[in-house]
Amino acid sequence: MEREVRVRFAPSPTGALHIGGVRTALYNYLFARKMGGKMLLRIEDTDQTRFVPGAEEYIQEALRWIGIELDESPWVGGPHTPYRQSERKPLYMQYALQLVESGHAYYAFDTPEELDAMRERLKAAKVASPQYNAITRATMKNSTTLPEDEVKARLASGDPYVIRLKVPRKEEVRLNDMIRGWVMVHSATLDDKVLMKSDGMPTYHLANIVDDHLMGISHVIRGEEWLPSAPIHVLLYKYLGWEDTMPQFAHLPLLLKPDGNGKLSKRDADQHGFPIFPMDWTDPNTGEKAMGFRESGYLPEAVTNFLAFLGWNPGTQQEMFTMAELIEAFSIERIGKSGTKFDINKAKWYNQQYLKAKTDEELTAYMKEALNAHSVSDNGLDLAKICGLLKERVTFPADFWQEGKYFFTEPEQYDEEIVSKKWTAEAVSVIESFQSALAAKGSIQADEAKALLEGILTDKGIKIGKVMQAIRLAITGVGAGPDLMVIIEILGAAKTAERMAKALQTLSSKVIA
RNA sequence: GCUCGGUUCGUCUAGGGGUUAGGACGCGUCCCUUUCACGGACGAAACACGGGUUCGAUUCCCGUACCGAGUACCA
């Protein structure tokens, strides 16, 4: 019988959730939905010194924004409540003790100074990788070296101690990663990881295995940075006697810097001026700010599509995927093995596509927002029509204002470059005629305006291309934009004539001979 | 250093013993056009290197190089 698919996303609330973390969550979600399984979120806050207030709320909001729905979480609850490891603290010790009991773990009393000294000593002795392992533990203060009564006495007297995993000296640890295939590691290269810290909290390694087991996790989909410690986890499943229900592992390739090499970091974002966090974030301790996709004008569906394709592809030519389509198409087999450089251009392209796909009516929301922000009235203009006209030239919602503010505000200045090239005597004479013809009218249709202009042009024997940009400049102040005749229709003949008159006056001294 | 992973156009990638090595982003040229944008057409652009195996290797194997991750009482 097939095991129920249960996956989990297990972030630490140590700051803003990195976009790579969002991708990990997304892959978990896609897999769970595809398989008809469940996805849960667990907060891994076993390091109390790194807790950052607000981080958990940030995670919650980021996932909500991107469209990831959790079946179980600290916020909605679930059959395995609580979902915060700090609240599960009493659970872990018994498993550590079980390991001590069965001889797979031991107490260690070494101070940080002693640990440092050990590592220094090994380094000086040119040992390749200094670690607490089968060999060095014989030289340290722990329950494998100390007399039994001393161990008992230390424990009874409240001496600080940790519990360490007793990694076997010679054993091949293997795991079959769904993305990488068989990975083999010799236990000699692993060290005796701390399982329980001296503050009574478990480390990631123990808490993670215990919770995944208790919560019935079937697949662990996480970043590649966990691959080196995966053998430790395999050992833990084995020693805890949970081998037969050990989840399947899938270690995701990392997100890399866009240029050069290395892991994607906040520094790249600051340097290149693009976001790598889902939403804006201000660190409450340092006051450091980070830019978010959401506030930068990215649509959640664009970010989702973009993220899904960073390391995965459907094997077809299709590029645009809704969440439902991603779920349908997703498979772990099609996740790549190599690191993925982060290219913001692709994200922008996706944003443009999704923005363009919206109806004119939906788009008006962005324009209304801009109008509000600039305290400008819509002058009763047809916003849907304007947005429809503008949508081909927009990448972000804010571009609607940037590209179309002249609909709502009179030009204050005129693009110098266009003036110097196109504000000719010829153009001025056409504008004068056009202006007075328009002034006589109230409203006008685009084709009427066009006919009117063409009549003037024919009379004067002037080609349209020679004067068009100047006319546009007079009306909008800029040299580029959508169909000018439609702009005139939207603005109305009277208003257009008014603007032309003003331009004629303002630029009277700039006419090119 | 050591351990583990990785390596197809600038980037994301498809492919896989015999292909004109395909697509997308970006870039360039042209077309459309009153401009810009959109759209369309076209173009430049890749199998890291060296050995094997093979009639044949980008594809399989081994090395090398390079890149990445891990190497905490952090996750």
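Computed from heavy atoms alone, side chains included, the values below leave out hydrogens, waters and symmetry copies. Every chain is numbered from 1, with letters handed out A, B, ... down the list of sequences.
- Heavy atoms from other residues, nucleotides or ligands lying under 6.0 Å from NZ of A:K266 number more than 12.
- Protein atom CG of A:N345 is 11 Å distant from nucleotide atom P of B:C25, rounded to whole Å.
- When heavy atoms are screened at a 4.0 angstrom cut-off, A:D45 is found touching no nucleic acid atom at all.
- With sequence neighbours left out, the side-chain contact (heavy atoms from CB on, under 4.5 Å) criterion links A:N133 to A:Q131, A:I135, A:T136.
- Under the ring-ring contact (aromatic ring centres under 6.0 Å, His included) criterion, A:Y83 pairs with no residue, sequence neighbours left out.
- Between B:C73, B:U34, B:C74, one nucleotide has an atom nearer to the side chain of A:R50 than all others, and that is B:C74.
- In the interface, the side chain of A:K193 is not paired with the base of B:A72 through any donor and acceptor atom under 3.5 Å apart.
- Taking A:K166 as the reference, nothing meets the salt bridge (Lys or Arg N to Asp or Glu O under 4.0 Å) condition, with sequence neighbours excluded.
- RNA chain B is contacted by A:V162, A:R164 of residues 158-167 of chain A, taking any non-hydrogen atom closer than 4.0 Å.
- With sequence neighbours left out, the side-chain hydrogen bond (donor to acceptor under 3.5 Å, both in side chains) criterion links A:W401 to A:H374.
- Looking at heavy-atom distances under 4.0 Å, A:D110 makes contact with a base.
- Taking atom CG on A:L252 and atom C1' on B:G68, their separation rounds to 15 Å, with Å as the unit.
- Within the nucleic acid shown, A:G315 has no heavy atom closer than 4.0 Å to any nucleic acid atom.
- Following rounding to the nearest Å, A:I475 (CD1) and B:U35 (P) show an atom-to-atom distance of 16 Å.
- Here the P atom of nucleotide B:C2 and the OH atom of A:Y132 are 25 Å apart, to the nearest Å.
- If you measure from atom CG of A:L264 to atom P of B:U11, you get 15 Å, rounded to the nearest angstrom.
- With B:U35, B:G23, B:C73 as the choices, the nucleotide that has an atom nearest any side-chain atom of A:E319 turns out to be B:G23.
- Under the Watson-Crick or G-U wobble criterion, with both distances below 3.5 Å, B:U11 is paired with B:A24.
- In this structure, A:F249 atom CZ and B:A69 atom P are separated by 22 Å, rounded to whole Å.
- Across all strands, A:Y204 comes closer than 4.0 Å to base atoms (heavy-atom distances).
- For the pair A:T340 and B:U13, the criterion of a side-chain N or O lying under 4.0 Å from OP1 or OP2 is met.
- Applying the salt bridge (Lys or Arg N to Asp or Glu O under 4.0 Å) rule to A:K263 yields no partners; only residues at least two apart in sequence or on another chain are considered.
- Nucleotides B:C49 and B:C66 have their P atoms positioned 15 Å apart, rounded to a whole Å.
- In summary, the aromatic rings of A:Y58 and A:W281 are positioned with their centroids under 6.0 Å apart.
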Listing, residues 445-460 of chain A side-chain donor-acceptor contacts under 3.5 Å, not counting sequence neighbours, or none:
from: A:E448; atom 1: OE2; to: A:Q445; atom 2: N; distance (Å): 3.3
from: A:T458; atom 1: OG1; to: A:E454; atom 2: O; distance (Å): 2.6
from: A:K460; atom 1: NZ; to: A:S433; atom 2: OG; distance (Å): 3.3

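- Of the listed nucleotides (B:C74, B:U35, B:C12), B:U35 has the atom at the smallest distance from the side chain of A:A480.
- When distances run from any side-chain atom of A:D191 to the nucleotides B:A72, B:A69, B:C74, the shortest one goes to B:A72.
- Taking the side chain of A:D47 as heavy atoms from C-beta on, and the options B:U71, B:U11, B:C74, the nearest nucleotide is B:C74.
- Comparing the C1' positions of B:A37 and B:C31 gives a spacing of 15 Å, expressed to the nearest Å.
- Inspection of the A:T395 and A:N351 side chains reveals no N or O donor paired with an N or O acceptor under 3.5 Å.
- Between A:F293 and A:F342, the ring planes are perpendicular. Angles over 60° get that label, and only those under 30° would be called parallel.
- To the nearest angstrom, P of B:A24 lies 14 Å from CE of A:M320.
- Partners of A:D212 according to the side-chain hydrogen bond (donor to acceptor under 3.5 Å, both in side chains) rule, which considers only residues two or more places apart in sequence or in another chain, are A:R8, A:R42.
- Ring centroids of A:F396 and A:Y298 are separated by less than 6.0 Å, placing the two rings close together.
- If you check every strand for non-hydrogen atoms under 4.0 Å, A:S12 touches sugar and phosphate atoms only.
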For nucleotides 38-45 of chain B, list the nitrogen or oxygen atoms of the protein found under 3.5 Å from its nitrogen or oxygen atoms, one pair per line.
from: B:C38; atom 1: O3'; to: A:K356; atom 2: NZ; distance (Å): 3.2
from: B:C38; atom 1: O2'; to: A:E392; atom 2: OE1; distance (Å): 2.4
from: B:G39; atom 1: OP1; to: A:K356; atom 2: NZ; distance (Å): 3.4

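- Mapping A:A10 and A:E403 onto RNA chain B by nearest heavy atom places A:E403 closer to the 5' end of the strand.
- At the heavy-atom level, A:G223 lies nowhere under 4.0 Å from the strands shown.
- Within the 4.0 angstrom heavy-atom criterion, no nucleotide atom of any strand lies near A:R222.
- A:L484 comes within 4.0 angstrom of a nucleotide base, judged by non-hydrogen atoms across all strands.
- For B:U11, the OP1/OP2 oxygens have no side-chain nitrogen or oxygen of A:K346 closer than 4.0 Å.
- Using Watson-Crick or G-U wobble geometry with both donor-acceptor distances under 3.5 Å, B:C2 finds its partner in B:G70.
- Considering only the side chain of A:N313, B:A14 comes nearest among B:G1, B:G70, B:A14.
- Set against B:A69, B:G22, B:C73, the side chain of A:Q317 has B:G22 as its closest nucleotide.
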Could you pull out the protein-nucleic contacts involving nucleotides 3-6 of chain B (nitrogen or oxygen on both sides, under 3.5 Å)?
from: B:G5; atom 1: O2'; to: A:R180; atom 2: NH1; distance (Å): 2.7
from: B:G5; atom 1: O2'; to: A:E224; atom 2: OE2; distance (Å): 2.8

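- Look at B:U29: its Watson-Crick or wobble partner, with both distances under 3.5 angstrom, is B:A41.
- Nucleic acid contact for A:T46: sugar-phosphate only, since backbone atoms but no base atoms lie under 4.0 Å from a heavy atom of the residue.
- Across every strand in view, B:U53 sits unpaired, with no contact that passes the Watson-Crick or G-U test at under 3.5 angstrom.
- Nucleic acid contact class of A:K126 (heavy atoms, under 4.0 Å, all strands): none.
- One interatomic measurement links the two molecules: CZ of A:F9 to C1' of B:A75, which rounds to 12 Å at whole-angstrom precision.
- Pair assignment for B:U58: none, as no Watson-Crick or G-U wobble contacts are both less than 3.5 Å.
- A:H104 pairs by the side-chain contact (heavy atoms from CB on, under 4.5 Å) definition with A:L99, A:S102, A:Y239, not counting sequence neighbours.
- Legend: residues meeting ring-ring contact (aromatic ring centres under 6.0 Å, His included) with A:Y414, ordered by chain and number and at least two apart, are absent.
- In terms of phosphate contacts, A:K391 brings no side-chain nitrogen or oxygen within less than 4.0 Å of OP1 or OP2 of B:A37.
- Within a 6.0 Å sphere centred on CD of A:E172, other residues, nucleotides and ligands contribute more than 12 heavy atoms.
- Nucleotide B:A48 has B:U64 as its partner under the Watson-Crick or G-U criteria, with both atom distances under 3.5 Å.
- Looking only at distances, no side-chain donor or acceptor of A:D110 sits under 3.5 Å from a matching main-chain atom of A:M140.
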